[in-house]
Asker: 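To start, I am sharing the structure in question, which I have written as structure tokens.
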Amino acid sequence: MNVIITEDYDTLSEQSADIITNHVTGLEAPVLGLATGSTPLGTYNRLAARQAIAPIDYRHVSTINLDEYVGLGKAHPQSYHAFMKEKLFDHIEIPEANTHIPDGLAENRQAECERYEQLIDSIGPPDLQVLGIGHNGHIGFNEPGTSFQSETHVVNLAPSTREANARFFSSSEEVPCQAITMGIKSIMKSRKIVLLASGQSKAKAIERLFQEEPNEAFPASVLNQHPNVTLIVDQEAYQLVEQ
Ligand code: GLP
């Protein structure tokens, strides 16, 4: 694993935006695997801001998002569809047909999971997968105990994950109980992975990432088995790792 330690969140965001930009400008038909949550927000803000100053072409780019809440449609402000549109897609003029996120309203969820995995295999795998990390080591919405062989599936969200994400909703009861997420095997198909971690609240998870052998009780530990992972971490999130 390559490790880039940055002074703060702003520098982390700048560096990850640079990696994305390099893929977009350097590849003929780049496929970007994208994440939601607070951590990649600074990256998306930068990509959006750069478009206003020195725009780059995104028409040849495809995106595949990690996950979506079950029961939230595109129009729901807390859906990951809405997040991606508001924070990134509306600012970079990427054709909507090139952007892919699981359908949280699919009546047949199993069929939706199969469709999504086939999509990953047909237009992907991502050349670059951006990942955040949950406090319990989840990646995407793959909670502790998820098989490393998992493909796209429906997951019951851990109480701690619902609690952590309640800040985006008006009350914690409104946080959906389930999500559709790319599986760990799906994520591991990516050619390159950039894992982002910022702030003191992620320090324990980052410490475990370095301490633990790959094990399913700590999903992010699987990344130690991937040949091309770059961790971009700020000093606060890196503070418990022995140096
Ligand atoms: C969420 C998302 C993950 C994200 C993680 C961390 O539940 N499904 O993709 O990486 O939790 O979120 P944050 O960046 O807000 O800390």
Side-chain angles (χ1 to χ4, degrees), residues 6 8-10 12-13 16-17 20 32-46 63-72 76-84 86-88 100-102 104 113 116 120 126 128-146 150 152-169 172 174-184 186-188 190 193-209 218-223 229-234 236-238:
T6 66
D8 53 24
Y9 178 65
D10 281 346
L12 172 153
S13 302
S16 71
I20 293 176
L32 303 178
L34 298 178
T36 47
S38 321
T39 313
L41 197 52
T43 304
Y44 299 153
N45 286 341
R46 269 163 187 74
T63 64
I64 302 177
N65 262 80
L66 284 167
D67 44 20
E68 179 59 285
Y69 290 112
V70 166
L72 302 196
H76 192 290
Q78 304 313 335
S79 71
Y80 287 163
H81 276 85
F83 177 99
M84 291 309 300
E86 186 193 324
K87 307 299 184 199
L88 184 65
H100 306 279
I101 304 178
C113 293
Y116 207 71
I120 296 164
L128 175 67
Q129 174 68 58
V130 178
L131 283 184
I133 184 168
H135 299 125
N136 59 6
H138 74 236
I139 50 175
F141 266 134
N142 293 286
E143 299 286 11
T146 305
S150 56
T152 305
H153 62 287
V154 177
V155 62
N156 295 324
L157 299 177
S160 63
T161 299
R162 293 185 67 228
E163 209 172 288
N165 289 1
R167 66 192 191 278
F168 299 111
F169 293 80
S172 48
E174 275 181 42
V175 185
C177 297
Q178 290 188 315
I180 295 178
T181 183
M182 277 167 61
I184 292 184
S186 330
I187 292 170
M188 290 292 278
S190 308
I193 293 175
V194 171
L195 174 65
L196 306 176
S198 168
Q200 196 176 359
S201 73
K202 299 294 171 71
K204 190 77 200 154
I206 294 304
E207 181 188 37
R208 289 184 69 184
L209 182 69
F218 188 70
S221 64
V222 75
L223 300 174
V229 176
T230 297
L231 166 68
I232 311 182
V233 58
D234 63 17
E236 282 195 1
Y238 198 69

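Remember, it's 1-based here, ligands and their atoms both numbered in the order they're listed.
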Asker: Out of K202, R162, H138, indicate the one that has the non-hydrogen atom closest to atom 1 (C) of ligand 1.
Answerer: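 Selected option, by shortest heavy-atom distance: H138.
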Asker: Taking non-hydrogen atoms only, is Y80 closer than 4.0 angstrom to ligand 1 via side chain, backbone, both or neither?
Answerer: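 The side chain, only.
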Asker: Between E68 (side chain) and Y80 (backbone), is there a donor-acceptor pair under 3.5 Å?
Answerer: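 Yes, E68 side chain to Y80 backbone: donor-acceptor pair under 3.5 Å.
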Asker: Do me a favour and list the nearest non-hydrogen protein atom to atom 8 (N) of ligand 1 with residue, atom name and distance?
Answerer: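 For atom 8 (N) of ligand 1, the nearest protein heavy atom comes out as D67 OD2, 3.0 Å.
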Asker: Atom 4 (C) of ligand 1: which protein heavy atom is closest, and how many Å away?
Answerer: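 Ranked first by proximity to atom 4 (C) of ligand 1 is T36 O, 4.0 Å.
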Asker: Tell me if a side-chain donor or acceptor on N142 pairs with a main-chain N or O of M182 at a distance below 3.5 Å.
Answerer: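 Here the side-chain-to-backbone pair exists.
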Asker: Nearest protein heavy-atom contact for atom 14 (O) of ligand 1: which residue, which atom, what distance?
Answerer: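 Atom 14 (O) of ligand 1 sits closest to the protein heavy atom T39 OG1, 2.4 Å.
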Asker: With rounding to the nearest 0.5 angstrom, report the CG to CD1 distance, L66 to I139.
Answerer: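 Rounded to the nearest 0.5 Å, the CG-CD1 separation comes to 8.5 Å.
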Asker: Does a side-chain heavy-atom distance below 4.5 Å link R46 with D10?
Answerer: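 When only atoms from C-beta onward are counted, D10 and R46 do touch, with a gap below 4.5 Å.
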Asker: What protein heavy atom sits nearest atom 6 (C) of ligand 1, and how far off is it?
Answerer: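 Scanning the protein heavy atoms, the shortest distance from atom 6 (C) of ligand 1 goes to I133 O, 3.6 Å.
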Asker: Within this structure, what is the CD-CD distance for the pair E174 and Q78, rounded to the nearest 0.5 Å?
Answerer: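 Nearest 0.5 Å value for the CD-CD distance: 8.5 Å.
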Asker: As an exercise, identify every atom of ligand 1 less than 4.0 angstrom from a heavy atom of N165.
Answerer: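 Answer, ordered by atom number: 1 (C), 7 (O).
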Asker: Are any of the N/O atoms in R167 less than 3.5 Å from those in ligand 1?
Answerer: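 It does: an N or O of R167 is found under 3.5 Å from an N or O of ligand 1.
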Asker: Give the residue, atom name and distance (to 0.1 Å) of the protein heavy atom nearest atom 9 (O) of ligand 1.
Answerer: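 Protein heavy atom at minimum distance: G140 O, 3.6 Å.
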Asker: Would you check if the distance from the ring center of Y69 to the ring center of F169 is below 6.0 Å?
Answerer: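 They qualify: ring centres under 6.0 Å apart.
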Asker: Taking only heavy atoms of G132, which atoms of ligand 1 are found under 4.0 Å from at least one of them?
Answerer: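 Counting atoms of ligand 1 from 1, those under 4.0 Å from G132 are 10 (O).
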Asker: Any idea which atoms of ligand 1 are less than 4.0 Å away from a heavy-atom of G37?
Answerer: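 Listed by number with element: 14 (O), 15 (O).
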Asker: Got a second to check how far T161's OG1 is from N156's CG, nearest 0.5 Å?
Answerer: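 With rounding to 0.5 Å, OG1 (T161) is 11.5 Å from CG (N156).
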Asker: At their closest point, which heavy atom of A205 faces which heavy atom of F218, and how far apart are they?
Answerer: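 Taking every non-hydrogen atom into account, O-CZ, 3.3 Å.
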